[in-house]
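Every chain is numbered from 1, with letters handed out A, B, ... down the list of sequences. Hydrogens, waters and symmetry mates are skipped; everything else that's a heavy atom, side chains included, is used.
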Protein chains: 2
Amino acid sequence: MMQKYLTIYHELVNRIETDYWPESTMLPSENELATKYDTSRETIRKSLDLLVQNGYIQKIRGKGSVVISKAKFNFPVSGIVSFKELASEMQEPVKTLVKELALMEPEESVQKDLEISAKEKVWKVVRVREISGEKIILDKDYFNPHYVPDLTTEIAADSIYDYLEHELGLKISFARKEIVVEQPTEADRKYLDLNGFSNVVVIKSKVYLEDTSLFQYTESRHRPDKFRFVEFARRVHN
Amino acid sequence: MMQKYLTIYHELVNRIETDYWPESTMLPSENELATKYDTSRETIRKSLDLLVQNGYIQKIRGKGSVVISKAKFNFPVSGIVSFKELASEMQEPVKTLVKELALMEPEESVQKDLEISAKEKVWKVVRVREISGEKIILDKDYFNPHYVPDLTTEIAADSIYDYLEHELGLKISFARKEIVVEQPTEADRKYLDLNGFSNVVVIKSKVYLEDTSLFQYTESRHRPDKFRFVEFARRVHN
DNA sequence: GAGTGGTCTAGACCACAAC
DNA sequence: TTGTGGTCTAGACCACTCC
């Protein structure tokens, strides 16, 4: 049995996404919802908090909750969401090409990024993402073998995250990301269809497990014309 | 009197940022904190939720809350945080140059972005941000005059957000942002020290008030070598 | 004055981790 | 078995909006 507040949250999301409640509609009041779902107001508020965080509604004190949802879609900015998950929401056909997969002694910079002591080996995976037949993204992943003892080309071609979460039972929890623009490296020129572009957009991520251990460092290198990042942000007055 | 949970949140943030609780320390349990602050556990949990959202701690079921904070700093990515706020956290000297300020009939694209009917005028503000003597960022802001009737060069040179929030009493609430890479425009070439770069990173934002009305559209155009965006992301399993 | 969302309480039971 | 965080409840009072 799923938690009440999550069940209610999903039902409300559904009503918004199916336009049962179109944009700028007022939701029923918290008391009404509590009665309707036969629960307490605090539980309803927990569901509404999720709607607020995910950009579906805006609460207005003394008035109520307004639907503000718009089309929402992210372009592949990997790190905490798997490429397979993103690809499933995209229109264009996508393909993954595994270029490199090895357990090796890492370069010094990676050693530092993965916070690993010298001489420890790491998994290095290099993959190209092809979108509509063009090689757009170069993903370089490094895994701490303490958490990821084995990897195969089959896994890398499908979804490493699927494998980690469902086969190994790892619980991925949070990531620290950084987006910068860099000069293309040799590997970028070799593997990507750069079309003369003299920059690539790079998303660098450190990914952590539920117990706060760092297990992955990733660089996702994008051709700039195909890069797009969307965000919903709230102004905080803490 | 500030709300209890915010007061407690700030006190906990302070303990983390001053290294009273360094990284990977275990916080006192929720029950201990509730006793210590003479409050209920739910109130403590509200404070801890804020710490989680802002990347200070990670909660582990059955164990406790671990400090995960690292140095946190954002490079000027304007839209929902004012440049003045960002500048105050930066090391380098910054300067704002107002290049244009006028109430005018907007181009068609801006009309659309601001969701304004034809023939309505908008405030257009063009400003250059100089960092360590280099012209790095070009900010183009458009305001709906229904919410922002007056603007002056003095306000634009200092902080428009200060003026909106403290003088006009506007309550800025949320924004939808998009980050893309574009070719430099004529204005970019004219106003910025592009140093031969053939791309600019553009952050486009629509900014909304508490009552969900759209009042501002902004393009913040950055020289790519000085652009940097950092993010803390959680993996959601909703 | 009636209705809304914001805060806070004092309990309860649960799933999970550690011993 | 004990202690932790996760969920849920039924109430209370407040600040705010609207009529």
Would you mind checking if B:R127 and B:D141 are paired as a salt bridge, meaning a charged N to carboxylate O distance below 4.0 Å?
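A salt bridge links B:D141 with B:R127.
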
For the pair A:E30 and A:K59, find out whether any cationic side-chain nitrogen is under 4.0 Å from an anionic carboxylate oxygen.
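Yes, A:E30 and A:K59 are salt-bridged.
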
Across the strands shown, which category fits B:E210 at heavy-atom distances under 4.0 angstrom: base, sugar-phosphate, nothing?
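Result for B:E210 = nothing.
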
[atom1] of [X] versus [atom2] of [N]: gap in Å, rounded?
{"X": "A:Q58", "N": "C:dT4", "atom1": "CD", "atom2": "C1'", "result": "15 Å"}
{"X": "A:D38", "N": "D:dC8", "atom1": "CG", "atom2": "P", "result": "13 Å"}
{"X": "B:D211", "N": "C:dG5", "atom1": "CG", "atom2": "C1'", "result": "16 Å"}
{"X": "A:I44", "N": "C:dG6", "atom1": "CD1", "atom2": "C1'", "result": "16 Å"}
{"X": "B:Y9", "N": "C:dC8", "atom1": "OH", "atom2": "P", "result": "16 Å"}
{"X": "B:I8", "N": "C:dT7", "atom1": "CD1", "atom2": "P", "result": "13 Å"}
{"X": "A:L48", "N": "C:dT4", "atom1": "CG", "atom2": "P", "result": "13 Å"}
{"X": "B:E30", "N": "C:dT9", "atom1": "CD", "atom2": "P", "result": "14 Å"}

Counting only side-chain N and O atoms of [X], is one of them less than 4.0 Å from OP1 or OP2 of [N]?
{"X": "B:K4", "N": "C:dT9", "answer": "yes"}
{"X": "B:T39", "N": "C:dC8", "answer": "no"}
{"X": "A:Y5", "N": "D:dT7", "answer": "yes"}
{"X": "B:S29", "N": "D:dT4", "answer": "yes"}
{"X": "B:R45", "N": "D:dG6", "answer": "yes"}
{"X": "A:K46", "N": "D:dC8", "answer": "no"}

Could you go through B:V122 and B:Y217, starting from their C-alpha distance and side-chain angles, then the distance that decides it, and tell me whether this counts as side chain to side chain contact (heavy atoms under 4.5 Å, CB included)?
CA-CA 10 Å; B:V122 305; B:Y217 172 74; over 6 Å; no

Test B:Q216 against every option in B:Y142, B:W123, B:Y161 by the side-chain hydrogen bond (donor to acceptor under 3.5 Å, both in side chains) rule and name the one that passes.
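One option only clears the test, and that one is B:Y161.
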
Nearest to the side chain of B:N31, heavy atoms from C-beta on, is which of D:dT4, C:dG5, D:dG6?
D:dT4

Name the orientation class of the two ring planes belonging to A:Y56 and A:Y9 (parallel below 30°, tilted from 30 to 60°, perpendicular beyond 60°).
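Ring orientation of A:Y56 relative to A:Y9: perpendicular.
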
A:S213 and A:D211: side-chain donor and acceptor closer than 3.5 Å?
yes

Tabulate protein N/O versus nucleotide N/O from nucleotides 11-19 of chain D, keeping only pairs under 3.5 Å, one per line.
| from | atom 1 | to | atom 2 | distance (Å) |
| --- | --- | --- | --- | --- |
| D:dC18 | OP1 | A:K63 | NZ | 3.1 |

Does any non-hydrogen side-chain atom of B:I172 lie less than 4.5 Å from one of B:F215?
yes

